[in-house]
Amino acid sequence: MALMALPVVLLLALPAWGGVIVDSDLTPEQAIEANQPPDTPQDVLRQLTLVPVLYFGLDGLEHQGQVVVHKALAGDIRRVFEVILATRFPLESVLPVAHPLIQAKGPYGLSPDTNNTSAYAWRPITGGGTVSLHALGLAIDINPRLNPYRKGDLVLPPGAAYDPARPGTLTTDSPVVREFKRLGWEWGGDWGARGKVDFMHFQKVPAELAPWVKAHGR
């Protein structure tokens, strides 16, 4: 379904409620159904939900964002963002890829030029081939430019750098990483034995969804 996106100027001017800066206030239809690649399966879109979240930005102020994720993982996302908020772990932005500000970065919001935290995006895995778990709403990336993907000399996003001392960077000891793991998520920062690391990336496939995931080539 093609829906009209909110004008960027309106989204930038959303008021702060109770001191919270509202960065994203899309409807579920705008966040899930709008601005999708033409080959996006409807059975995937039906599995997604929109989760509003609070966090502190890199500016030190409290923001409201939104995460599009598989319905089975919505509770986990809410819990992790409680930890993110309580520990004041800073995020640059938390916008669905359908948001006009992300869409402006590239077709369907698929661009390496972003430090946006997001989950669902209909796309293949890095390097091509099968669909990513992001495409099924079963993965989330946190502050990509601070927590890059590295494989040999390849660094994504281009120009990103990993410095554990910088605010917003994930490490083994980060409360955010520990909470994801407690909830059964896998962290890409632990993938060194695979010849790569993906510090931004967390994923989880609940057992009951394994057949559905396999049907989509994973």
Side-chain angles (χ1 to χ4, degrees), residues 31-51 65-74 76-77 80 91 93-99 102-103 105-152 154-158 160 162 170 176-177 180-181 183-218:
I32 296 171
E33 298 183 36
N35 300 318
Q36 293 296 324
D39 60 339
T40 307
Q42 286 297 310
D43 82 292
V44 169
L45 297 181
R46 287 193 293 269
Q47 297 293 323
L48 303 175
T49 191
L50 181 63
V51 180
Q66 295 174 303
V67 177
V68 176
V69 69
H70 193 283
K71 295 174 183 178
L73 300 183
D76 286 5
I77 292 299
V80 169
L91 305 173
S93 64
V94 185
L95 306 175
V97 294
H99 193 287
I102 304 302
Q103 290 289 311
K105 295 284 188 177
Y108 307 114
L110 302 179
S111 168
D113 183 24
T114 176
N115 196 35
N116 184 56
T117 293
S118 64
Y120 166 76
W122 181 254
R123 64 173 179 81
I125 61 173
T126 300
T130 60
V131 296
S132 167
L133 287 179
H134 287 283
L136 304 180
L138 300 174
I140 187 170
D141 289 341
I142 306 286
N143 285 346
R145 298 198 68 81
L146 300 176
N147 301 289
Y149 170 98
R150 296 194 312 212
K151 184 176 182 179
L154 176 65
V155 177
L156 298 174
Y162 184 70
L170 296 162
V176 176
V177 172
F180 267 118
K181 289 185 176 182
L183 294 168
W185 291 63
E186 183 180 355
W187 179 42
D190 291 331
W191 291 351
R194 305 184 189 182
K196 62 182 178 180
V197 287
D198 196 353
F199 293 111
M200 72 184 85
H201 181 87
F202 298 87
Q203 64 182 49
K204 179 179 178 180
V205 179
E208 67 273 16
L209 293 181
W212 181 73
V213 172
K214 186 176 181 180
H216 285 280
R218 288 303 304 259

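Count residues from 1 along the sequence.
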If you apply the rule side chain to side chain contact (heavy atoms under 4.5 Å, CB included), what do you find for Val69 with Ile140, and how did you get there? CA-CA 8 Å; Val69 69; Ile140 187 170; over 6 Å; no
List the steps and the verdict of side chain to side chain contact (heavy atoms under 4.5 Å, CB included) for Trp212 and Leu136. CA-CA 9 Å; Trp212 181 73; Leu136 304 180; 3.8 Å; yes
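Panel note: side chain Thr114, backbone Asn116; a donor-acceptor pair is recorded below 3.5 Å. Although no hydrogens or angles enter the test, the distance criterion places no donor-acceptor pair under 3.5 Å between the side chain of Arg145 and the main chain of Leu156. No donor-acceptor pair under 3.5 Å is formed between the side chain of His134 and the backbone N or O of Tyr120. Side-chain atoms of Tyr162 come within 3.5 Å of backbone N or O of Leu170 as a donor-acceptor pair. Proximity of a side-chain donor or acceptor of Asn147 to a complementary backbone N or O of Met200 within less than 3.5 Å is not detected. With hydrogens and angles ignored, the 3.5 Å screen pairs a side-chain donor or acceptor of Thr117 with a backbone N or O of Asn143.
Checked against side chain to side chain contact (heavy atoms under 4.5 Å, CB included), Gln203 has the following partners two or more places apart in sequence or in another chain: Leu133, Ala139, Glu186, Trp191, His201. In terms of the salt bridge (Lys or Arg N to Asp or Glu O under 4.0 Å) criterion, Lys71 has no residue partners (sequence neighbours excluded).
Closest heavy-atom contact between Leu146 and Asn115: N-OD1, 3.6 Å. Between Gly137 and Leu48, the closest heavy-atom pair is CA-CD2, 4.0 Å. Summarising the geometry of Ala160 relative to Pro144, their closest heavy-atom pair is CB-O, 4.3 Å, with the distance given to 0.1 Å. The two residues Ala74 and Val51 make their nearest non-hydrogen contact at CB-CG2, 3.9 Å. A pairwise comparison of heavy atoms in Ser118 and Leu95 identifies CB-O, 3.7 Å as the closest pair. Closest non-hydrogen pair, Ala119 versus Val67, comes out as CB-CG1, 3.8 Å.
To the nearest 0.5 angstrom, Leu209 atom CG is 7.5 Å from Leu73 atom CG. Between atom CG of residue Leu45 and atom CD of residue Gln36 there is a gap of 5.5 Å, rounded to the nearest 0.5 Å. Interatomic distance, CD of Gln66 versus OG1 of Thr49, reported as 10.5 Å (0.5 Å rounding).
Atom NZ of Lys204 sits in a crowded spot, with more than 12 heavy atoms from other residues, nucleotides or ligands closer than 6.0 Å.
Between Trp187 and Phe199, the ring planes lie tilted relative to each other; the angle falls in the 30° to 60° range.
The side-chain heavy atoms of Val80 and Phe202, taken from C-beta on, include no pair separated by under 4.5 Å. Annotation: side chain of Pro206 is not in contact with side chain of His70 (no heavy-atom distance under 4.5 Å). Between Lys196 and Leu154 the shortest side-chain heavy-atom distance does not fall below 4.5 Å.
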